[in-house]
There are 2 protein chains.
Amino acid sequence: MVVTMEEVAEKAGVSKTTVSRIINGIPNSASPDTIDRVRRTIEELDYVPNIIAASLKKLVTKTIGLIVGDIENPFFGAVIKGIETTLRNAGYNLILADSSYNMDREEELARVLLERMVDAIIFAPSRQKPGEWLQIASDRGVHVALIDNDIPELAVDHVGVDNFKASYEATQYLIDLGHQKLAMITGPYYRSTSSNRKRGFLSALEDRSIAIDQAFLREGDYGIESGYEKTRELIGLDSPPTALFIANNFMTVGAMKAIYEEELKIPGDISILGFDDMYWYTITQPPLSAIAQPAYDIGRVAAEGVLRSIDSRGKASPKKIELKTKLLIRKSTAAPREK
Amino acid sequence: MVVTMEEVAEKAGVSKTTVSRIINGIPNSASPDTIDRVRRTIEELDYVPNIIAASLKKLVTKTIGLIVGDIENPFFGAVIKGIETTLRNAGYNLILADSSYNMDREEELARVLLERMVDAIIFAPSRQKPGEWLQIASDRGVHVALIDNDIPELAVDHVGVDNFKASYEATQYLIDLGHQKLAMITGPYYRSTSSNRKRGFLSALEDRSIAIDQAFLREGDYGIESGYEKTRELIGLDSPPTALFIANNFMTVGAMKAIYEEELKIPGDISILGFDDMYWYTITQPPLSAIAQPAYDIGRVAAEGVLRSIDSRGKASPKKIELKTKLLIRKSTAAPREK
DNA sequence: CTGAAAGCGCTAACAC
DNA sequence: GTGTTAGCGCTTTCAG
């Protein structure tokens, strides 16, 4: 740093203390005259306060760390936007870290954030297993909030959606349309979101007494390729499904690719329903039916929770919050063709 | 923070200095024995070094600030990924800030980043006009790199693509297909990218002696709605264009919406070519032709430049780097129908 | 209303 | 090899 508070003080003919108080807007701590003089000096010198120094003294950085699995996933894009906006408006900064869905990385990042003295960590875990550093962080008074996937055994805030219910209702909708041969491409079961989405699907079938064909249940990895391959397998079956429920956005793209390649008609030959809504789902042919998650709000609510938790000095007990999903019915789902 | 270096030192029976040296891996500064003892103590105490304190002393934070216009834009998503990955591998952290394409906000954010003592700022400006704080940052030795839009009068690094050339070539391709009635929906001219894309389009027409119909040139704002409206205007013309070139991803979505609404055939009635490639352009009907920008690499190269610049203590002169675009021809562009 | 002094937790000369 | 000392730039009692 070039110019320090000391220099401002000197030039204005006051002490550092006074300058500090004025900058921090402590009421009744300086005469209007002094305030004016100091303000002008700050202006003249282009003085920029050093928040790092202040942080060291106050033991508070007004910085929050965020660990996500993949910044490039549009779902996280919206979540991050919600977090960043909320935090920024409250005067906080965001340190963003991408774990590539790698657990070792997650651990390392949590540690790095601790070293940087973040006031809180918002974390989108890639699996349900709790990491060691997160617990350490929580133990030392660094507020922790989970988003998307939950880690039930960690007693910290969590913001997500009711994946079971969303999945259950979507499946029910498909059944009501008349489908009996329903397939699902799920995400990896080690994620709470994935396993809940699968459970919802299965549970709906069960409740409607539809036998579960194991060949119709495929575990993907949330990537485009995986959606493509699983779909090929599914439509290659002797008796293929008439409805396909896909657990995330990327796999849905892969699925569409496979379906177009085989020149199957949607929804004539097969109905398609995806988890995660994308802004471009309205311009595919046909427009895609999907379950929308309030991604921005997940971020916003998580950030608000963390802020509240900081304010209350961690005296608030952990909350598990589930936001509402919405089933968006467009044109990719319809009754199965009569045979 | 709970446990400090002092406590580690005490418990291990050495001085802070020794602990510090061991943590920083200064060679030949402690006996293997001491190192071992200290390491074990650190482990036992779950000691986490306080980088904020170190930063204050060293006047280097190993943190870089990034200001983008909209985190949710998938283009920036990829750019951010490139930056984050590169920085992380070099041991740097990223403070992410979203300006909502607002210039006042940009200024404010630059200042906030300065206060936080970032070692460098990577900035995706929303207009060509240079801000005051960025100059101040640069003057104080904070390295500055621009991405996407350039601000020519600022003597700092810039990484982007040759928008003029990309646009020129794409237009040329459309003309070679036989189109004579070409329209373009541009972005706001106050961005260097937008105006260069427009210039490329116009220049290609000129070079092929195709008269420029002003009604065929529409200035959008890079949003979905804007793409939709401008396209409606265009296809509502008495003599509508046979080819439409759209300056970004979001407006392309809007354009598609308008075209489907009017039940026009692509590319039969109108050819569509967009700037920015998206991973889902292969599953629209027809798959969309587009100009791909190496978004991840733009981020990576910008981050590498900033890192290099930090290493060389700013003795490197500013570089303006243009990465290669690629014209991806899929199915939304074809020769105009004979009339 | 204002200032002096004592650190926040760490690093970096400078000694020994 | 290791320790002592003096800060980095700011905030915060405590005095007046």
Side-chain angles (χ1 to χ4, degrees), chain A residues 1-39 41-42 45-63 112 114-119 140-142, chain B residues 1-39 41-42 45-63 112 114-119 140-142:
Chain A
M1 279 312 176
V2 182
V3 28
T4 72
M5 190 177 268
E6 179 104 49
E7 299 175 54
V8 173
E10 206 162 317
K11 182 129 190 242
V14 295
S15 72
K16 287 192 294 178
T17 315
T18 301
V19 177
S20 172
R21 292 204 261 244
I22 291 174
I23 284 177
N24 291 295
I26 313 272
N28 305 79
S29 63
S31 70
D33 220 55
T34 317
I35 294 183
D36 206 60
R37 195 149 28 89
V38 169
R39 286 252 170 79
T41 315
I42 288 176
L45 264 39
D46 268 340
Y47 167 67
V48 178
N50 184 330
I51 295 203
I52 295 292
S55 293
L56 181 57
K57 179 72 201 180
K58 299 203 270 199
L59 299 181
V60 157
T61 54
K62 288 238 165 197
T63 302
V112 167
L114 267 192
E115 292 181 346
R116 296 211 112 89
M117 236 173 88
V118 294
D119 298 335
R140 324 197 144 185
V142 172
Chain B
M1 278 316 176
V2 182
V3 30
T4 73
M5 190 178 268
E6 180 103 48
E7 299 174 55
V8 173
E10 206 163 316
K11 181 131 191 237
V14 294
S15 72
K16 287 192 295 176
T17 316
T18 302
V19 177
S20 171
R21 291 203 262 245
I22 290 172
I23 284 175
N24 291 293
I26 313 270
N28 304 80
S29 62
S31 71
D33 219 53
T34 316
I35 294 184
D36 207 59
R37 193 148 31 86
V38 169
R39 287 252 169 80
T41 314
I42 288 176
L45 264 39
D46 268 341
Y47 167 66
V48 178
N50 184 329
I51 295 203
I52 296 292
S55 293
L56 181 58
K57 179 73 203 180
K58 298 202 270 197
L59 299 181
V60 157
T61 55
K62 287 238 167 196
T63 301
V112 167
L114 267 191
E115 291 181 344
R116 293 213 117 87
M117 238 174 89
V118 294
D119 298 336
R140 314 196 155 191
V142 172

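In the text below, chain A, chain B and the rest are named by the order of the sequence lines, each starting its count at 1.
- Following rounding to the nearest Å, B/I26 (CD1) and C/dA12 (P) show an atom-to-atom distance of 7 Å.
- Contacts of A/S29 classified as side-chain hydrogen bond (donor to acceptor under 3.5 Å, both in side chains), with partners at least two apart in sequence or in another chain: none.
- Following rounding to the nearest Å, A/M5 (CE) and C/dG7 (P) show an atom-to-atom distance of 20 Å.
- Here B/T17 pairs with nothing under the side-chain hydrogen bond (donor to acceptor under 3.5 Å, both in side chains) rule; sequence neighbours left out.
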With the sugar-phosphate defined as primed atoms, P, OP1 and OP2, and the base as all remaining atoms, what B/S/- string results for nucleotides 3-8 of chain D, 5' to 3', for protein heavy atoms under 4.0 Å? BB--BB
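- Residues A/R37 and A/T34 have side chains in contact (heavy-atom distance under 4.5 Å, counting atoms from C-beta outward).
- Contact annotation: B/Y47 side-chain N/O to C/dC10 OP1/OP2 distance is under 4.0 Å.
- Between A/D33 atom CG and C/dT2 atom C1' the separation is 14 Å, expressed in whole Å.
- The distance from atom CG of B/N50 to atom C1' of C/dT11 is 13 Å, rounded to the nearest whole Å.
- Between B/T34 and A/N24, the residue whose closest nucleotide on DNA chain D is further toward the 5' end is B/T34.
- For the pair A/E115 CD and C/dC10 P, the interatomic distance rounds to 10 Å; values are reported in whole Å.
- Comparing the start and finish of the helix from C/dC1-D/dG16 to C/dC16-D/dG1, five pairs each, the helix axis swings through 30°, to the nearest 10 degrees.
- Taking the salt bridge (charged side-chain N to carboxylate O under 4.0 Å, His left out) definition, one finds that B/K11 meets it with B/E44, sequence neighbours left out.
- Contact check for B/I22 versus B/T18: side-chain heavy atoms found under the 4.5 Å cut-off.
- To the nearest angstrom, C1' of D/dG1 lies 16 Å from CG of B/D36.
- Taking the side chain as every heavy atom from C-beta outward, B/V8 and B/V3 approach each other to under 4.5 Å.
- In this structure, B/I52 atom CD1 and C/dC10 atom P are separated by 11 Å, rounded to whole Å.
- Distance B/I51 CD1 to C/dC8 C1': 16 Å, rounded to the nearest Å.
- With sequence neighbours left out, the salt bridge (charged side-chain N to carboxylate O under 4.0 Å, His left out) criterion links A/D46 to no other residue.
- A/L56 places none of its side-chain heavy atoms less than 4.5 Å from the side chain of A/I52.
- Side-chain contact between A/I42 and A/I23 is present, with at least one heavy-atom pair separated by less than 4.5 Å.
- Within the structure, a side-chain polar atom (N or O) of A/S31 is placed less than 4.0 Å from OP1 or OP2 of C/dT2.
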